Each structure stands twice: as structure tokens, then as C-alpha cells.
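This report refers to the structure that appears directly beneath it.
Keep in mind the model is a prediction, meaning the values are calculated, not measured.
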Amino acid sequence: MSFPLLTVVAAVPAAGAIATAALPAAKRTAAKWLALLFSLVTFALALVVAFGFDPGSKSPYQFTESHAWISDFGVRYELGVDGIAVALIALTTLLIPFIILAGWHDADPLEEATPNRRWRPTQGFFALILAVEAMVVISFEATDVFVFYIFFEAMLIPMYFLIGGFGDRAGGDGEDEAASRRSYAAVKFLLYNLAGGLIMLAAVIGLYAVTADQLGTGTFSLQQIVEARAAGRLNIGTGTERLLFLGFFFAFAVKAPLWPLHTWLPGAMGESTSPVAVLITAVVDKVGTFAMLRFCLQLFPEASSWATPVILVLALISVLYGALLAVAQRDIKRLIAYASISHFGFIILGIFAMTSQGQGGATLYMVNHGISTAALMLVAGFLISRRGSRLIADYGGVQKVAPILAGTFLVGGLATLSLPGLAPFISEFLVLVGTFSRYPVIGIIATLGIVLAALYVLVLYQRTMTGPVKSEVTGMPDLRVRELVVVAPLIALLLFLGVYPKPLTDLVNPAVDHTLSVVDKKDPKPTVQVDAVPGGGRPGHAVHAQDVEAAK
């Protein structure tokens with residue numbers, strides 16, 4: 001394209017971050033509205049990309065841009081989107097305005113300025129959110145491995161300050177204790193993700209060395225590497241490919257997060273404000289699972305197949321481990337965090353099932369999980385801000401004093417447990433079907449995650465919303481207009497995509513088919529049970545459907 005639309009989509013929130021941060025300290029309200037305006041413009045541009053995208057095109061990437069950048073090292077500024085990237089860019093740009101609205105007062109200065117109570121820079125809070133949005137969007141767009149790596153790592157910096165500098169203060173302790181918890185969570189988040197990024201950097205350099213050795217000139221271009229492999233001009237040795245795959249996968253598994261590299265997430269979400277917690281799990285973490293599809297599978301198809309059994313086991317552990325720990329939680333936000341670990345286990349399960357249903361369901365799960373988790377966590381944040389406590393035991397009978405808040409909390413919770421009729425159900429169903437068709441034992445065991453999800457969601461609702469009204473929640477106000485503007489569209493999307501997911505499936509299925517073709521995987525052949533097969537089949541014997549036709 002002559003017009004660099006993808007660059008503009010990423011540049012608008014970056015410009016918004018600079019403009020918001022540059023406002024004078026007294027212009028707090030102006031900073032909020034300016035950040036919201038830039039986020040809405042970004043969403044409008046993302047819609048232009050979505051409606052201009054042609055799912056039927058034979059080209060794997062559209063709206064492509066390619067410019068020389070660091071020619072001596074083969075680095076090019078290359079962008080392009082497939083259906084999966086378009087869906088995740090739309091999700092990201094959709095959620096950011098709601099995150100800004102939900103956090104409208106999260107960075108307001110405290111009433112008193114004392115040594116233990118500092119003023120919180122409103123402009124910085126919203127500028128950091130826009131900066132994260134810009135980096136996440138360009139990560140979804142990058143088709144050059146080096147460009148992707150830069151922004152994959154750079155997004156850690158604003159996230160670190162959002163967790164450590166603007167964290168939740170509803171833990172019940174004093175400001176010093178709360179600041180200490182926030183600092184610990186932020187540092188742990190940074191160290192885990194930096195460790196993954198440094199290992200990936202070594203693999204990125206190794207990939208460049210291999211291409212330079214075999215192609216004559218090193219390259220980081222995803223398309224060039226995939227095409228060279230298909231043409232037989234690039235043949236990465238088995239051992240080398242597996243080492244490079246592990247370097248990439250480790251970084252993405254930390255970001256995802258996958259057990260046992262998940263331990264940074266509960267602390268980061270628990271100590272963040274609710275909007276920032278949504279930014280972490282509904283936006284930033286999706287970069288990890290997206291990168292598994294785009295880079296791990298397409299750059300290293302043989303190694304991906306080699307590692308699949310171990311990854312499926314780790315994903316299965318994530319599903320069950322996250323759900324079990326969610327059941328045991330007494331903190332509302334940490335419960336949602338562990339539930340997200342379980343959901344990411346389902347996503348990774350679908351990706352590495354190597355079936356069209358599994359990968360299509362995993363992609364839908366990324367989108368639907370983002371919407372459902374945003375709805376549940378933001379309503380939980382509104383609840384916590386009213387009571388000043390994250391402990392489940394401090395609530396009871398809320399539905400009698402704030403019925404709209406309780407109702408939206410219930411819908412968000414039911415979406416989290418994948419109730420039929422709500423968007424996540426379709427995703428989870430496809431993931432389980434796709435996994436079962438190739439790995440039936442793992443598919444069967446993974447269904448236990450559904451049972452545990454029903455347990456932790458319904459128990460959470462029962463203990464907080466039903467029963468006698470506790471004195472501390474008497475007089476609790478219901479959702480205000482701003483809060484309804486945040487929650488209502490998310491609930492509507494959960495309902496719409498729950499009964500009509502076709503727009504998303506039509507968008508992502510061609511990209512899934514392309515990924516499977518690169519990995520050289522096909523769906524398992526279906527079987528049928530027959531009483532008699534022409535040509536000598538035994539009654540009751542399971543045979544392939546095409547064998548029945550051939551025998552006829």
C-alpha cells in the first residue's frame with residue numbers, strides 16, 4: 001500500500017502518549033480527555049484495517065509495509081497483518097478506551113500530601129497506557145523478527161511503572177506496606193520477562209547467523225525465511241532449530257504465562273489497579289500466545305512438532321493448576337489472575353494441538369478471554385473501590401443494594417466459566433474438540449478445567465453477592481453512568497459473539513490454515529462406526545470415512 005496505515009495505527013497512541021505527558025500538571029482533566037480521544041481515534045483506524053482486510057486473499061499478509069532500516073544487519077521495517085493479527089489489534093484498541101474510562105480517577109492526586117502520601121501524576125498514568133497500546137499494536141503488526149523483539153521488550157518499561165507507581169491500595173495495609181508490595185510485584189514482573197527476552201535475543205541472533213550462512217545475507221524477515229525453507233534454500237539443522245525454538249518459546253511462555261513460568265502474574269494483577277490488571281492479562285499477555293502462532297510455528301515447524309507433547313502437558317497443568325488455585329483464593333483479584341492462567345492453558349493447548357479447530361478456537365479464545373476478563377475485572381474493580389477491600393470475606397448481600405453491579409458481575413463470571421450462549425463457550429468448545437481429535441486423553445482431562453471454573457466463579461458470586469447484607473456494604477452505590485458506559489458494551493459483545501461468532505471465524509480461519517500448511521499439519525481423518533463395510537470390514541469396527549467410500 002502507498003499509505004502506511006499500519007504505521008499510523010501504532011503511531012497515533014504513541015503520539016497521544018507524548019501529548020498527554022506534555023500537558024502541565026494542573027491540566028489533569030484535559031489529560032484524561034486527550035488520552036481518551038487518541039484511544040478512540042486508534043480504534044477507528046483499527047476498524048478501517050478490519051473492514052479493509054480481505055479474508056479470501058491468497059496473500060498471507062495484507063497492508064504490508066517494507067523499508068530498509070539497519071541494512072548492514074539485515075533489519076527491515078516490515079509490517080503486515082493476517083486475520084489473527086487483525087482480530088487482536090481490534091481487541092486491543094477496543095479495550096483501551098474502556099481501560100481509560102475505568103481508570104478515570106485512579107491517578108487523581110490524593111487529598112493530602114504527606115511524606116507517606118505522594119501526589120500521583122495523572123498525565124503519566126494515561127500516557128503510559130497509550131504507550132503500551134502503541135507497542136502492543138506494532139508487535140501484532142511486525143513481520144520482521146528484530147522489529148518484533150524491540151517492541152516485545154520495550155513494552156515492559158511502561159508496564160513496570162504502571163504496576164509499581166500506580167498500584168492498588170485496597171489491600172488493607174498502610175501506604176508504606178502497599179508501596180512495598182507494588183514494588184515487589186513490579187520488579188518480579190520485570191525480571192521474569194527480561195530473563196525471557198534475553199534468552200530470546202540469543203535465539204534471534206542465532207537465527208540471523210543461520211540465514212547469513214545459508215542464504216549469503218542475514219535476514220530477520222519472517223516471510224523471506226518461510227519462503228526460503230519452502231524452496232529448500234534454507235535448511236536449519238535439527239539440533240539448531242530445536243535450540244532456537246526453545247529460545248523463542250521460553251520468552252513467549254513467560255509472557256503468556258504458562259506454568260511454571262506464571263508466578264509473576266498473580267502478584268502483578270493483584271497489586272495493580274483493576275484497569276492495569278486488564279491491560280496485563282487481556283492485552284499484553286496476548287502477545288505471547290500470538291507470537292507462538294506467528295513465530296514459533298512458522299519459523300521452526302519441525303521443532304514445534306518435536307516439542308508439542310511436552311508443551312501440551314505443561315498447558316494441561318496450567319489449566320488444572322490455575323483453576324485449583326483460583327478455587328482456593330480469598331482475594332478477588334488474585335482469583336481472577338489464577339483463572340486467567342487456566343484460560344491461557346486452554347489457549348496454548350489449542351495452538352499446539354495442531355488442528356484447525358484447536359488453533360481457530362485458540363485465536364477466538366484470545367479475543368473472547370480479553371472481553372470476558374475485562375468485564376469481570378473492571379466490575380470487580382468498581383466493587384473493590386466502593387468497599388476498599390479485595391477480600392471475598394468482606395462482602396455479602398451486594399445484589400440487594402447494588403443489583404446492576406451484581407448482575408454485570410454475574411454475566412462476566414458466567415462468561416469466564418464459558419457458559420453456552422456467551423462468547424468464550426465457542427472458543428473453549430473448539431479448543432477441546434481440536435485437542436481431542438488428535439490427543440484424546442489430554443482433551444478429556446482438560447474438561448476438568450470447565451468443572452473447576454464453574455466452582456470458583458459460582459462460589460465467588462455466592463459469597464460476595466448473595467446472603468445477608470453485611471453492614472460494611474449497606475448503602476453501597478450501584479454502577480454510575482461512566483461505569484455503565486464501560487461495562488455495557490463488553491456485556492453486549494459477549495452476548496453477540498456468543499450467538500454469532502461467524503465474523504471472527506471468517507477472519508481468523510484462513511490465517512490458521514496458512515499456519516498449519518507451513519507446519520505441514522493436517523487435521524486427523526474422521527472415523528465412522530459401521531455395521532458392515534463393503535469389501536470385508538468387520539461389524540462394529542471403526543474405519544476412516546474415506547475408506548468406506550473407497551470400498552464402495
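- Partner of Phe248 under the ring-ring contact (aromatic ring centres under 6.0 Å, His included) criterion, chosen from Tyr149, Phe148, Phe300: Phe300.
- Within a 6.0 Å radius of NZ in Lys27, no more than 12 heavy atoms belonging to other residues, nucleotides or ligands are found.
- The six-membered or imidazole ring of Phe290 lies near that of Phe140, with a centre-to-centre distance under 6.0 Å.
- Remark: the Thr263 side chain and the Tyr192 side chain contain an N/O donor-acceptor pair separated by less than 3.5 Å.
- A donor-acceptor pair under 3.5 Å is absent between the side-chain atoms of Asp331 and the main chain of Leu391, judged by distance alone.
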Before giving the answer on side chain to side chain contact (heavy atoms under 4.5 Å, CB included), spell out for Lys255 and Met155 the whole-Å C-alpha distance, their side-chain angles and the decisive distance to 0.1 Å.
CA-CA 11 Å; Lys255 184 84 76 179; Met155 69 180 71; 4.0 Å; yes
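- Across every non-hydrogen atom of Met366 and Leu91, the tightest pair is O-CD2, 3.6 Å.
- Between the side chain of Ser318 and the backbone N or O of Trp259 there is at least one donor-acceptor pair closer than 3.5 Å.
- A donor-acceptor contact shorter than 3.5 Å is absent between the side chain of Ser342 and the backbone of Gly322.
- Although no hydrogens or angles enter the test, the distance criterion places no donor-acceptor pair under 3.5 Å between the side chain of Thr435 and the main chain of Leu432.
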Apply side chain to side chain contact (heavy atoms under 4.5 Å, CB included) to the pair Val86 and Asp82, showing each step before the final yes or no.
CA-CA 6 Å; Val86 169; Asp82 57 9; over 6 Å; no
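- A donor-acceptor pair shorter than 3.5 Å cannot be found between the side chains of Glu472 and Tyr395.
- Taking the six-membered ring for Trp and thresholds of 30 and 60 degrees, Phe249 and Phe352 have ring planes more than 60 degrees apart, a perpendicular arrangement.
- For Gly449 against Leu320, the heavy-atom pair with the smallest separation is N-CD2, 3.9 Å.
- Across all non-hydrogen atoms, the minimal contact from Leu316 to Ile442 is CD1-O, 4.0 Å.
- The backbone N or O of Ser272 lies less than 3.5 Å from a partner atom in the side chain of Lys333, making a donor-acceptor pair.
- Between the side chains of Tyr338 and Gln329, no donor-acceptor pair of N or O atoms lies under 3.5 Å.
- Of the candidates Tyr321, Phe189, Phe344, His262 forms a ring-ring contact (aromatic ring centres under 6.0 Å, His included) with just one, namely Tyr321.
- Environment of CZ in Phe146: sparse, with no more than 12 heavy atoms of neighbouring residues, nucleotides or ligands closer than 6.0 Å.
- Not one N or O on the side chain of Lys32 forms a donor-acceptor pair closer than 3.5 Å with the backbone of Phe126.
- Between Val132 and Leu279 there is a side-chain heavy-atom pair separated by less than 4.5 Å.
- Taking every heavy atom of both residues into account, Val367 and Leu504 meet most closely at CG1-CD1, 3.9 Å.
- Around the CZ atom of Phe161, the shell of radius 6.0 Å holds no more than 12 heavy atoms that belong to other residues, nucleotides or ligands.
- In the model, Thr281 has a side-chain atom that pairs as donor or acceptor with a side-chain atom of Ser340 under 3.5 Å.
- The two atoms that bring Arg482 and Leu101 nearest to each other are NH1-O, 2.7 Å, heavy atoms only.
- Using modelled atom types, one side-chain atom of Ser372 and one backbone atom of His369 make a donor-acceptor pair closer than 3.5 Å.
- Taking the ring centroids of Phe252 and Phe152, they lie under the 6.0 Å cut-off.
- Checked by atom type and distance alone, the side chain of Arg294 pairs as donor or acceptor with a backbone atom of Ala142 at under 3.5 Å.
- Of the possible donor and acceptor atoms, none in the side chain of Arg330 sits under 3.5 Å from a partner among the backbone N and O of Leu335.
- Counting heavy atoms of neighbouring residues, nucleotides and ligands inside a 6.0 Å radius, atom CZ of Arg387 exceeds 12 of them.
- The one candidate from Ile311, Val310, Ile317 that meets the side chain to side chain contact (heavy atoms under 4.5 Å, CB included) condition with Val313 is Ile317.
- Ser304 places a side-chain N or O within donor-acceptor distance of the main-chain N or O of Cys296, the cut-off being under 3.5 Å.
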Please lay out, stage by stage, how Glu271 and Tyr184 fare under the test side chain to side chain donor-acceptor pair (under 3.5 Å).
CA-CA 9 Å; Glu271 301 307 325; Tyr184 177 81; over 6 Å; no
Side chain to side chain contact (heavy atoms under 4.5 Å, CB included) assessment of Trp33 paired with Leu36
CA-CA 5 Å; Trp33 284 106; Leu36 180 61; 3.9 Å; yes
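- Taking all atoms of both residues into account, the shortest heavy-atom contact from Asp106 to Phe125 is CB-CZ, 4.1 Å.
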